[in-house]
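We count residues from 1, following the sequence as given. Below, each value reflects all heavy atoms present in this structure, side chains not excepted, and no hydrogens, waters or symmetry copies. The structure presented is a predicted model; accordingly, all values stated were derived computationally and were not measured.
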Amino acid sequence: MIIGVTGGIASGKSTVARAFAALGVPWVDADDVAREIVEPGEPALAEIAAHFGANVIAADGRLDRRALRAIVFDDDAERHRLEAITHPRVRERLIAHLARLEAQSVPYVLLVSPLLFESGQAALVDRCLVIDVPESLQITRTAARDDVDESQARAIVAAQMPRQARLERADDVIDNAADEDALARQVAELDRRYRAVADLPPAP
């Protein structure tokens, strides 16, 4: 069984994944895979450079994410072009990573992806788990974590799928606006449910 984990920026997706990992559940992170496919020597990086120009490649040969983000953030056509280059490759590699994990003796697997719904990756999973926090908390956390001002943080949040739209597509929801103990209790309860669905004993 594959559980898709998603949520808006700064909702705590990685924190939740680590909590599940402590219970013996492995995960694949779509952001990590997205970075893999644009490493030097990867076909996606060459295609990005060919389309967006050499200025998106740093002196060390790696992708200059800030320069690329400046091009695509306010330009839908360019963003769609970038997605056409990267999304199929990310999907292909995610499938390979998930298959390797599923072949191991694990209770179930998490696919952690901020674009689970937008990229069509939800088709790869059996259930969708949304990590939910109020937008005001997203903005505060984003500004602190990414060292941006409040207006920039608001723009980043506004550019993502609306909170209500994510919640409407969720099979399960974790409220990550409270403390760590509350989060741990929710993760433990969901782990029990997922293991029951998979007809597996509870975590030790």
Side-chain angles (χ1 to χ4, degrees), residues 1-21 25 27-35 65-66 68-70 72-80 82-83 86-87 90-91 94 108-194 197:
M1 185 167 66
I2 302 173
I3 308 298
V5 179
T6 194
I9 188 171
S11 58
K13 295 179 290 296
S14 295
T15 301
V16 168
R18 287 192 293 271
F20 275 102
V25 181
W27 86 88
V28 177
D29 191 317
D31 277 349
D32 290 344
V33 173
R35 285 187 283 271
R65 297 177 183 281
R66 186 180 294 272
L68 182 60
R69 190 161 49 240
V72 304
F73 189 75
D74 290 320
D75 188 325
D76 285 345
E78 292 288 53
R79 179 170 55 81
H80 291 320
L82 177 62
E83 291 170 350
T86 59
H87 283 187
V90 169
R91 183 186 180 90
L94 281 174
Y108 55 94
V109 179
L110 305 182
L111 168 55
V112 182
S113 175
L115 299 176
L116 186 73
F117 299 129
E118 299 93 320
S119 66
Q121 292 168 8
L124 303 177
V125 308
D126 300 295
R127 295 186 69 82
C128 297
L129 168 59
V130 169
I131 315 307
D132 184 53
V133 296
E135 287 188 2
S136 58
L137 186 53
Q138 279 185 274
I139 292 165
T140 300
R141 289 178 177 176
T142 300
R145 187 191 70 183
D146 296 349
D147 193 26
V148 297
D149 62 31
E150 183 178 325
S151 63
Q152 289 175 297
R154 287 185 181 278
I156 293 169
V157 170
Q160 296 190 325
M161 174 181 278
R163 178 188 182 192
Q164 189 57 39
R166 277 193 301 269
L167 290 172
E168 287 172 358
R169 296 187 63 177
D171 295 302
D172 307 295
V173 177
I174 282 180
D175 178 358
N176 194 22
D179 57 26
E180 291 183 8
D181 288 343
L183 176 62
R185 287 193 296 271
Q186 293 176 83
V187 168
E189 175 57 29
L190 280 174
D191 179 67
R192 284 191 290 271
R193 285 172 49 193
Y194 294 153
V197 169

(message) I need the minimum non-hydrogen distance between F73 and A155, along with the two atoms involved.
(response) CZ-O, 4.0 Å
(message) Whether the side chain of D146 engages the backbone of V148 through a donor-acceptor N/O pair (distance < 3.5 Å, no angle test) should be reported.
(response) no
(request) Of all the heavy-atom pairs spanning V133 and A177, show the shortest one and how long it is. (result) CG1-N, 4.0 Å
(request) Report the C-alpha separation of R69 and R79 in whole Å, then their side-chain angles, then the decisive distance to 0.1 Å, and conclude whether the side chain to side chain contact (heavy atoms under 4.5 Å, CB included) test is met. (result) CA-CA 9 Å; R69 190 161 49 240; R79 179 170 55 81; over 6 Å; no
(message) I want to check something: taking the side chain as every heavy atom from C-beta on, are M1 and V125 in contact at a cut-off of under 4.5 Å?
(response) no
(request) Of all the heavy-atom pairs spanning C128 and R169, show the shortest one and how long it is. (result) CB-O, 4.0 Å
(message) Could you check whether any side-chain heavy atom of Q121 comes within less than 4.5 Å of a side-chain heavy atom of V90, counting everything from C-beta outward?
(response) yes
(message) Return the CG to NZ distance between D31 and K13, rounded to the nearest 0.5 Å.
(response) 7.5 Å
(message) Give me the atom names and distance for the closest heavy-atom approach of P134 to R163.
(response) CA-NH1, 3.5 Å
(request) Output yes when a side-chain donor or acceptor of R91 lies under 3.5 Å from a complementary backbone atom of G120, and no otherwise. (result) yes
(message) Before you tell me yes or no, could you show the steps for V16 and W27 under side chain to side chain contact (heavy atoms under 4.5 Å, CB included), namely the whole-Å CA-CA distance, both residues' side-chain angles and the distance that decides it to 0.1 Å?
(response) CA-CA 11 Å; V16 168; W27 86 88; over 6 Å; no
(message) Is any side-chain heavy atom of L129 closer than 4.5 Å to one of L190?
(response) yes
(request) State whether the side chain of Q186 and the backbone N or O of D175 hold a donor-acceptor pair below 3.5 Å, judged by distance alone. (result) yes
(message) With a 4.5 Å cut-off on side-chain heavy atoms, are V72 and L68 touching?
(response) yes
(request) Mind checking the CZ-CD spacing from R154 to E135? Nearest 0.5 Å is all I need. (result) 9.0 Å
(message) Distance check, rounded to the nearest 0.5 Å: Q152 atom CD versus I139 atom CD1?
(response) 12.5 Å
(request) Check whether any side-chain heavy atom of V25 lies under 4.5 Å from a side-chain heavy atom of L110, and answer yes or no. (result) yes
(message) Test your reading of the model: is there a side-chain donor-acceptor pair from T6 to the backbone of S113, 3.5 Å cut-off?
(response) yes
(message) Any non-hydrogen side-chain atom of R35 less than 4.5 Å from a side-chain atom of R65?
(response) yes
(message) Could you report the tightest heavy-atom contact between A30 and L94, atom names first, then the distance?
(response) CA-CD2, 4.0 Å
(message) Checking the side chain of R141 only, and the main-chain atoms of A10 only, is there a donor and an acceptor separated by less than 3.5 Å?
(response) yes
(request) Side-chain contact test, heavy atoms from C-beta onward, threshold under 4.5 Å: evaluate it for S11 versus D132 and give yes or no. (result) no
(request) Check whether more than 12 heavy atoms from other residues, nucleotides or ligands sit under 6.0 Å from atom CG of D149, and answer yes or no. (result) yes
(message) Donor-acceptor check, side chain of Q138 to backbone of I9, threshold 3.5 angstrom: yes or no?
(response) yes
(message) For L116 versus V5, what's the shortest heavy-atom pair and its separation?
(response) CD2-N, 4.4 Å
(message) Could you measure the distance from the NE2 atom of H80 to the CG atom of D76? Nearest 0.5 Å is fine.
(response) 5.0 Å
(message) Looking at R127, is its backbone amide N or carbonyl O close enough to the side chain of D171 to form a donor-acceptor pair, meaning the two atoms are under 3.5 Å apart?
(response) no
(request) Would you please test L183 and I174 for side chain to side chain contact (heavy atoms under 4.5 Å, CB included) and show each step? (result) CA-CA 7 Å; L183 176 62; I174 282 180; 3.5 Å; yes
(request) Any chance you could measure M161, atom CE, to E168, atom CD, to the nearest 0.5 Å? (result) 9.5 Å
(request) Would you mind reporting whether F117 and V130 have side-chain heavy atoms less than 4.5 Å apart? (result) yes
(request) For I3 and L111, run side chain to side chain contact (heavy atoms under 4.5 Å, CB included): C-alpha distance rounded to whole Å, both residues' side-chain angles, the deciding distance at 0.1 Å, then the answer. (result) CA-CA 6 Å; I3 308 298; L111 168 55; over 6 Å; no
(message) For R193, is there an ion pair with E189 - N to carboxylate O distance below 4.0 angstrom?
(response) no
(message) Regarding D191 and Y108, do their side chains bring together a donor and an acceptor under 3.5 Å, going by distance alone?
(response) yes
(message) Just checking Q164: does its CD atom have more than 12 heavy atoms from other residues, nucleotides or ligands closer to it than 6.0 angstrom?
(response) yes
